[in-house]
Number of protein chains: 2
Amino acid sequence: MNAAEELETVERYMRQRGYRWTSQRKLIAEVVFGTHEHFNAEELLEMCRGVDNQVSRATVYRTLAMLESAGFVEGLDTGEGGKRFEHILGHAHHDHMLCQVCGKILEFQDAELEKRKEAIARAQGFRLLSHSLKLNVECLDPGCEGRFGRTRPEEPSAHE
Amino acid sequence: MNAAEELETVERYMRQRGYRWTSQRKLIAEVVFGTHEHFNAEELLEMCRGVDNQVSRATVYRTLAMLESAGFVEGLDTGEGGKRFEHILGHAHHDHMLCQVCGKILEFQDAELEKRKEAIARAQGFRLLSHSLKLNVECLDPGCEGRFGRTRPEEPSAHE
DNA sequence: GTTACTGCAAAGCGTTTGCAATTAT
DNA sequence: ATAATTGCAAACGCTTTGCAGTAAC
C-alpha cells in the first residue's frame, strides 16, 4: 500500500461518514502518511505549516483525533507529556521498545507474543479490541546520552 | 507483606536517601498501601483529605512522584486524561486489561508472556528495565455500560 | 443554500513550580 | 540551627472548545 492508496482510503472513510474532504484534512493526511517517523501533535503542526502556514493547531488536533479513532494512526505514551503518533495503515502490527536514556523508539514484531495476547483475552471471555506493549529498555547505541536529562535510569528497585 | 511492612519499607527508603519522613508522607503512604483499588491523583488527594483535610494537592503529587520513581507505585494510562495508580510493593508483576466500554480495569498474570518479553529484549541486545502491556477489551459484565459516554467501541477498522 | 469545517483565542485539565512559612532532623 | 518540606496560588504544557466566518457539498 503506497501513500496515494492510503490517502484514498482515508478520503473514502471520511466521505462514507458524511465528513468533508477539505484541503486541510488532505494536507494533514498527506503529511501523516508521508512520514515514517514518530511525531507528536506539535511536530505535525510544524510539518503541515511547512507546506501551508495557514493550518491551525485546532484543525491538526481535530484531524489527528479522527485518524486515531478511525484506527489509521496510533498514539504511544512516551512519558514526555503528550503522545507520539505513527500511521499504521498498511503496516503490520508491531510493538515498541523505548530507551529510557535517550528516548529512542524501536519497533519490533513477535508472532508468538501476539498469539499469546489473543489467547489470554479469549481465555477470560473477552473480545480483544487492540493492545499496546511497551518495553522500557536501556539501549546500547554509542550516541545514547541523556535526552531526558539523566545518563542512566534508576536501578530497578529491589526493596522487598 | 502486610501494610505495616510496606510502610516501613517506604520509610527506610526515604531515610536512606536523606529524605524526611513527614506526617504527610506517612499519611499518603498509608492511604496508598491501604487501598487495593486503582486511583488517580485527585482521588488520592480526596482519600487523604478524608483523614487530614490539610494535606495539599502539591504534596500529594510530589509524594506520588517519589513513590512512582522508587518503584513502589505504578501508573497506567487509561486514556481518560491522567493516570491511574496502584501500589505494587509486595505484589507480583501483572498486566492489565481495560474494558473500552465501561472503563473497568482487570489484572492478569502470564508467565509465558513475561518470559517472551524478556527474551525479545535480550535478543536485540537491550536490557529490559520494565514494561507495560495493556489489552483493550470489551468486557461482558451485565453492568457494563458507557462510563465513557458510548455503549460500544468502534468496530476494529478493516480498511485495507 | 445548507451544513460541516476552519481559525482564532480563550478556557480546560492535570500537573508542576516559586516562594515564604513550617517542620524534621 | 539547618536544610528539607509544606501549602498556596500562580504558571505550566498539552489539548479542547465556542463562535463567527468560510468552504464543501
Side-chain angles (χ1 to χ4, degrees), chain A residues 7 10-31 38-49 51-70 73 75-85 103 148-149, chain B residues 7 10-31 38-49 51-70 73 75-85 103 148-149:
Chain A
L7 272 193
V10 177
E11 180 176 352
R12 203 176 317 124
Y13 171 91
M14 296 268 188
R15 291 195 190 278
Q16 274 171 5
R17 317 214 152 197
Y19 302 143
R20 290 173 183 179
W21 189 234
T22 66
S23 62
Q24 292 90 338
R25 286 180 181 168
K26 184 160 179 265
L27 166 59
I28 293 166
E30 278 168 359
V31 172
H38 294 78
F39 53 86
N40 62 29
E42 201 61 29
E43 287 163 356
L44 176 56
L45 175 64
E46 279 162 31
M47 292 190 281
C48 290
R49 290 224 167 129
V51 181
D52 169 4
N53 69 353
Q54 299 302 300
V55 202
S56 75
R57 176 171 288 104
T59 297
V60 166
Y61 273 96
R62 285 188 276 233
T63 304
L64 196 45
M66 290 183 85
L67 295 175
E68 192 179 12
S69 79
V73 154
L76 175 69
D77 176 20
T78 59
E80 320 164 89
K83 286 191 275 188
R84 301 196 77 77
F85 298 87
F148 288 168
Chain B
L7 272 193
V10 176
E11 179 175 354
R12 203 176 317 122
Y13 171 90
M14 296 269 187
R15 291 194 188 279
Q16 274 171 6
R17 316 213 152 196
Y19 302 142
R20 291 174 182 178
W21 188 234
T22 65
S23 62
Q24 292 89 337
R25 285 179 182 168
K26 183 159 180 265
L27 166 59
I28 294 165
E30 279 168 358
V31 172
H38 294 79
F39 53 87
N40 62 27
E42 201 62 30
E43 288 164 354
L44 176 57
L45 174 64
E46 279 162 32
M47 291 189 284
C48 290
R49 290 223 166 129
V51 181
D52 168 4
N53 69 353
Q54 298 303 299
V55 201
S56 75
R57 176 171 287 105
T59 297
V60 165
Y61 273 95
R62 285 188 277 232
T63 304
L64 197 45
M66 292 183 85
L67 294 175
E68 191 179 13
S69 81
V73 154
L76 175 70
D77 176 20
T78 58
E80 322 164 88
K83 287 192 272 187
R84 300 196 78 77
F85 298 87
F148 288 168

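Reminder, nothing fancy here: chain letters follow the sequence lines and each chain counts from 1.
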Colleague: Just the endpoints, please: which first and last nucleotides of DNA chain D, 5' to 3', lie under 4.0 Å from a heavy atom of chain B?
Modeller: D:dA3 to D:dC8
Colleague: Taking A:R25 for the side chain and A:R20 for the main chain, is one N or O donor matched with an acceptor at less than 3.5 Å?
Modeller: yes
Colleague: Touch check for B:R25, heavy atoms < 4.0 angstrom, all strands: base, sugar-phosphate only, or nothing?
Modeller: sugar-phosphate
Colleague: How would you summarise protein contacts on nucleotides 19-25 of chain C per nucleotide, using B for base, S for sugar-phosphate only and - for none, with heavy-atom distances below 4.0 Å?
Modeller: ----BBS
Colleague: When rounded to the nearest 0.5 angstrom, what is the spacing between CG in B:D52 and CD in B:Q54?
Modeller: 6.0 Å
Colleague: Rounding to an integer number of Å, can you tell me how far A:E80 CD sits from C:dT16 P?
Modeller: 15 Å
Colleague: Check whether any side-chain heavy atom of A:R62 lies under 4.5 Å from a side-chain heavy atom of A:T59, and answer yes or no.
Modeller: yes
Colleague: If I take atom CD in residue B:E46 and atom C1' in nucleotide C:dG14, what distance separates them, rounded to the nearest angstrom?
Modeller: 14 Å
Colleague: DNA chain C: B:F85 or A:T59, which has the more 5' nearest nucleotide?
Modeller: A:T59
Colleague: About how many Å separate OH of B:Y13 and CG of B:L67, when rounded to the nearest 0.5 Å?
Modeller: 9.0 Å
Colleague: Give the rounded distance in Å between these two atoms: CZ of A:R17 and C1' of C:dA4.
Modeller: 16 Å
Colleague: How far apart are the C-alpha atoms of A:E11 and A:L7, what are their side-chain angles, what is the distance that settles it, and do they pass the side-chain contact (heavy atoms from CB on, under 4.5 Å) test?
Modeller: CA-CA 6 Å; A:E11 180 176 352; A:L7 272 193; over 6 Å; no
Colleague: From CZ of B:F39 over to C1' of C:dG14, roughly how many Å is that when rounded to an integer?
Modeller: 16 Å
Colleague: Mind checking B:Q54 for me? I need base, sugar-phosphate or nothing, with any heavy atom below 4.0 Å counting as a touch.
Modeller: sugar-phosphate
Colleague: Quick one: does A:R15's side chain have a donor or acceptor within less than 3.5 Å of a partner on A:W21's backbone?
Modeller: no
Colleague: Rounded at 0.5 Å granularity, tell me how far CG in A:L76 sits from NE2 in A:H38.
Modeller: 6.5 Å
Colleague: Rounded off to whole Å, could you give me the CG-to-P distance for the B:D77 and C:dT15 pair?
Modeller: 11 Å
Colleague: On DNA chain C, does the nearest nucleotide to A:R57 precede the nearest nucleotide to B:G82 from the 5' side, or the other way round? Give the residue.
Modeller: A:R57
Colleague: I need the CG-C1' distance between A:L45 and C:dG7, as an integer number of Å.
Modeller: 12 Å
Colleague: Send over the distance from A:N53 CG to C:dT6 P, rounded to a whole Å.
Modeller: 17 Å
Colleague: Whole angstroms only, please: what is the CE-P distance between B:M66 and C:dT15?
Modeller: 18 Å
Colleague: Among A:R57, A:R84, A:K83, find the residue that satisfies the salt bridge (Lys or Arg N to Asp or Glu O under 4.0 Å) test when tested with A:E43.
Modeller: A:R84
Colleague: Within the 4.0 Å heavy-atom criterion, would you say B:A65 contacts the bases, only the backbone, or no part of the nucleic acid?
Modeller: nothing
Colleague: Find out whether A:L64 and A:I28 are in side-chain contact, i.e. whether some heavy atom of one side chain is under 4.5 Å from a heavy atom of the other.
Modeller: no
